Structures are given as C-alpha cells and as structure tokens.
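To keep things clear, I will list the structure first and then write my remarks on it.
Worth saying up front: this structure is predicted, and the values here are computed from it rather than measured. Scope of the values below: all heavy atoms of this structure, side chains included, with no hydrogens, waters or symmetry mates.
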Amino acid sequence: MNSIRWGLCCLFKEEPIHFAVRQATHLGKFDRKRQLEMLAATVAANATALLAAIAYCAGHSIGSFRLNSRILPLKTHPQMGYRLAELPDHAAIEQAYRQAGQLAAAQGIRLTFHPDQFTLLSSPVAGVTARSLDELAYHAEVAELIGADVITLHGGGGYGDKTAALQRLTAVLVHLPPSLRSRLVLENDDRVYTPSDLLPVCAAAGIPFVYDVHHHRCLPDGLTIEEVTEQALATWTREPLFHLSSPREGWQSTNPRPHHDFIDPADLPLCWRGLAITVEVEAKAKEIALQRLHNDLAGRRAGNIAMGSSFPARNG
C-alpha cells in the first residue's frame with residue numbers, strides 16, 4: 001500500500017487547526033474600509049492555519065490536503081467580494097500563502113481544491129455558468145499562489161437532457177484559460193453522472209477524470225471498478241487522484257450515499273493496491289479516520305483484513 005498518497009479533506013476533527021469564515025450579513029454592518037480590514041485578518045489567519053495543516057500532514061503520513069473553498073471567505077460574493085490587492089497588507093498575505101505552498105512542496109504534500117456543488121458548467125442558464133467561472137477563477141488564483149494542481153468539479157445537473165448538458169459542459173471546458181484548464185478535473189457523482197457519462201467528456205476536452213468509487217457503487221453504469229480504474233488512469237498525465245469513502249449505514253441500507261465517519265478497508269478496491277495515486281479520504285472523522293485507516297491497512301498487510309474489488313451487495 002506504500003504507493004498510495006493518502007489525502008485529508010478540508011477540516012480537522014480533533015486537531016486544533018481551524019479555518020475561519022466570514023458572514024456577509026455581519027460584514028454588511030460596516031463600511032468598506034472596515035470590511036476589508038476584517039476580511040484581511042481572516043484571510044491571514046487562514047494562511048497560518050494552512051501552514052499548520054500542511055505541517056500536520058507531513059508529520060502523520062498524509063501526503064495530500066484538500067483546501068476548503070472558503071479559505072478566502074466571500075471572495076466572489078456579489079456585494080462583499082474583493083481582489084487580494086484591495087486587502088490591507090495584501091503583499092504579506094500573498095507571501096504567507098506562497099510560503100504555505102513552498103512548505104507543501106518541500107514536504108511532498110499535494111494541495112487540491114473541490115468547489116461546492118453550486119459551481120456548474122453544464123447549466124442552461126448563462127448567468128449560472130458565468131458565476132461558476134468566476135468561482136473557478138478564484139480557485140485558480142489561490143492555486144497559483146500555493147501550487148495546488150487539482151480543482152475537482154462534478155458534471156452538474158442533467159436538466160432533463162443529459163446529452164445536451166454534457167455538450168454544454170464540453171464546450172465550456174475546451175475554452176477555459178490555461179491556469180484553470182491545467183488544473184480542472186471531473187468527478188463522477190452519485191445521482192446524475194456516472195464514469196461512462198464523463199469519461200468521453202474528459203477525452204474530448206483533454207481533462208483528467210477523478211474516480212469516486214463510492215459514487216460509482218451508488219450509481220453503477222455497467223462498467224466494473226477495474227474497467228473504470230484503468231480508463232481513469234489513462235486520462236492523467238500527472239499523478240492520478242481518486243476518492244474513497246464508506247456508507248454511513250452500510251451497503252445494505254436503503255440509502256448508501258451518506259459518508260461514514262470512518263473507512264471500511266474492504267471498500268478500498270483491490271485493483272488500487274500498488275498504484276502511484278492520490279486517494280482523498282472523504283470521511284467525517286477526518287484526520288482520525290485516516291489514522292484508523294493507516295492502522296487497519298497495517299493489519300491487512302499482516303493478513304487480518306480482506307480488501308474489496310467489485311461492487312458490494314445492495315438491496316433490491
């Protein structure tokens with residue numbers, strides 16, 4: 001299992017590392033000068049937290065860290081949004097983020113982003129697409145500062161016509177600016193778009209595919225885990241990135257979509273063993289889940305835990 005780079009996602013469960021946020025309604029009570037001062041303080045504090053997060057990962061066999069998309073709070077808000085250059089002490093703030101990126105590079109920690117589900121490039125509404133592109137431009141700006149190489153995006157909605165939606169998505173992808181296009185990747189979801197839906201889009205647009213095996217188990221498409229793994233690997237020209245999680249109520253529950261606090265080692269596909277890939281662990285217990293997974297996999301190497309390969313049994 002030594003080839004897998006394990007990834008922690010966004011937050012900590014017990015470690016006292018916290019990323020601060022700002023609420024637009026609260027900021028709206030102040031004049032613009034004070035708003036920018038408050039935002040600058042939060043953005044600077046989050047740079048310090050990012051340094052701590054990277055240091056923690058380096059010391060705990062965690063090779064990748066996914067940043068929370070609100071690390072620069074309200075960056076693209078229609079009223080409270082701002083440019084970094086508008087913030088007091090912006091040069092020092094930008095340097096702090098560069099230092100975080102330098103620490104990550106020195107420690108071999110990969111940095112990634114995953115914008116929220118409201119960032120949509122397949123929407124039939126031009127305004128939604130425009131706002132989503134603004135959001136992605138913000139992610140690309142921070143990614144440039146810190147050296148993050150992945151911005152993961154879902155396919156979006158089907159809007160009653162998945163074929164047309166995927167055509168819109170492809171058309172947007174091929175015209176992205178280089179700083180975003182070089183980082184953007186597509187991930188299958190558990191309700192609309194399967195690997196077989198998105199792999200052709202990735203091929204047409206030259207975009208890598210992030211394989212979420214939990215989503216695929218929830219929304220199968222006739223392809224096996226082994227087939228998707230092979231096809232997903234072929235879309236990457238750098239280290240591939242996959243996602244792993246376990247169902248909160250088990251695979252026999254009526255809804256296996258919600259994530260468990262921890263990872264069942266049996267949910268790690270057999271065909272992922274020995275691959276030089278990043279696997280982001282999407283588990284509610286965060287760093288505690290990764291610690292337990294490391295221990296469980298050590299037990300597996302001792303012959304105590306079986307690994308999974310094909311789809312788990314499901315009701316119905």
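- Aromatic ring orientation, His60 versus Tyr56: parallel (interplanar angle below 30°, classes split at 30° and 60°).
- Of the residues Asp190, Asp189, Asp221, Asn188, the one that meets the side-chain hydrogen bond (donor to acceptor under 3.5 Å, both in side chains) test with His216 is Asp221.
- Ring geometry for Trp251 versus His214: interplanar angle of 30 to 60°, hence tilted.
- In this structure, the side chains of Asn68 and Leu11 come closer than 4.5 Å at one or more pairs of heavy atoms.
- Using bins of under 30°, 30° to 60° and over 60° for the plane-to-plane angle, the ring pair His154/His114 lands in the tilted bin.
- Taking Ala41 as the reference, nothing meets the side-chain contact (heavy atoms from CB on, under 4.5 Å) condition, with sequence neighbours excluded.
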Give the C-alpha distance, both sets of side-chain angles, the deciding distance and a yes or no for ring pair (Phe, Tyr, Trp, His ring centres under 6.0 Å) between His215 and Tyr211. CA-CA 9 Å; His215 290 166; Tyr211 182 27; 9.9 Å; no
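- Grouping the Ile, Leu, Val, Met, Phe, Trp and Tyr side chains by contacts below 4.5 angstrom, directly or via other members, places Val192 apart from Val210.
- For Arg292, the CZ atom is loosely surrounded, since the number of other residues' heavy atoms within 6.0 Å does not exceed 12.
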Criterion salt bridge (Lys or Arg N to Asp or Glu O under 4.0 Å) on Glu94 and Arg98, from CA distance to verdict: CA-CA 6 Å; Glu94 291 178 27; Arg98 290 191 189 95; 3.6 Å; yes
Under the salt bridge (Lys or Arg N to Asp or Glu O under 4.0 Å) rule, what do Glu144 and Arg183 come out as? Steps first, then yes or no, please. CA-CA 10 Å; Glu144 287 275 5; Arg183 294 179 169 90; 3.4 Å; yes
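- Within a 6.0 Å radius of CD in Glu230, no more than 12 heavy atoms belonging to other residues, nucleotides or ligands are found.
- Put simply, the side chain of Lys75 never gets that close to the backbone of Arg70: no donor and acceptor are under 3.5 Å apart.
- In terms of modelled atom types and a separation under 3.5 Å, the side chain of Ser246 and the main chain of Asp264 share a donor-acceptor contact.
- The backbone N or O of Glu287 sits nowhere less than 3.5 Å from a side-chain atom of Glu15 that would complete a donor-acceptor pair.
- Open room surrounds NZ on Lys284; 12 or fewer heavy atoms of other groups in view lie less than 6.0 Å from it.
- Remark: Asp116 CG is packed, more than 12 non-hydrogen atoms of other residues, nucleotides or ligands lying under 6.0 Å away.
- Arg66 and Glu282 are joined by a salt bridge, as a carboxylate oxygen and a charged side-chain nitrogen come within less than 4.0 angstrom of each other.
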